[in-house]
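If you're wondering where the values come from, they're calculated on a predicted model, not measured in any experiment.
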Amino acid sequence: MDKLLNKITNLFKSRYCSRKNYWIFFGISLLCLLILLPMGNFFNYSYSYGIYIDRYQNFLYFSFLVLNIIMQVKRLRDANISPYLLFVYILFVFNISVFNYIVYIVLLILLLLPSQRIPTTNLVKENDKDE
């Protein structure tokens with residue numbers, strides 16, 4: 001369990017996220033949502049006071065949405081794609097775009113692209129060679 005928590009904290013510390021790590025994070029967050037949402041329903045039916053299910057669900061959806069967008073930015077950086085494309089995804093989330101499903105499919109394809117690092121070489125300018 002400690003390894004998993006360390007791996008997740010390292011994901012948020014780094015600037016890039018590999019394809020494998022992104023989908024592991026996505027699966028874990030989906031599993032957490034599938035576990036936490038029914039717990040809210042259970043508490044709402046068990047007690048007449050306490051947790052208001054609408055606020056609870058909205059808080060869970062919003063928190064996991066923010067974490068997912070952060071990870072998508074890191075994933076797109078790792079694939080050497082501009083993360084500004086996620087503005088279109090935000091339009092999809094708020095149901096503003098006309099082509100919602102096309103935008104979502106394109107984003108999924110971009111998230112599936114392999115990692116591409118910018119090559120680093122020791123290039124010397126032509127002027128520096130002559131001196």
Distance (rounded to the nearest 0.5 Å) between D78 CG and R19 CZ: 9.5 Å

L113 and N80, any side-chain heavy atoms less than 4.5 Å apart: no

Path from L34 to F26 over hydrophobic side-chain contacts below 4.5 Å: no

Where W23 and L108 come nearest, the two heavy atoms and their spacing: CH2-CD2, 3.8 Å

Side-chain heavy atoms of R77 within contact of S115, under 4.5 Å: no

Reported CD-to-CG distance for the pair Q72 and L110, which is rounded to 0.5 angstrom: 10.5 Å

Heavy-atom side-chain proximity of L76 to L111 below 4.5 angstrom: yes

Step-by-step side chain to side chain contact (heavy atoms under 4.5 Å, CB included) determination, V106 to L85: CA-CA 10 Å; V106 168; L85 291 173; over 6 Å; no

From S18 atom OG to F25 atom CZ, the distance as rounded to the nearest 0.5 Å: 13.0 Å

In one Ile/Leu/Val/Met/Phe/Trp/Tyr side-chain cluster, 4.5 Å: I105, I81: no

Point-to-point distance, once rounded to the nearest 0.5 Å, from CE of M71 to CG of N21: 7.0 Å

same_hphob_cluster(I109, L107) at 4.5 Å side-chain heavy-atom cutoff: no

Quick one: side chains of residues 61-69, donor-acceptor pairs under 3.5 Å with protein atoms, not counting sequence neighbours, listed by atom name and distance.
unit_1 : atom_1 : unit_2 : atom_2 : d
S63    : OG     : F59    : O      : 3.0
S63    : OG     : L60    : O      : 3.0
N68    : OD1    : Y22    : OH     : 3.1

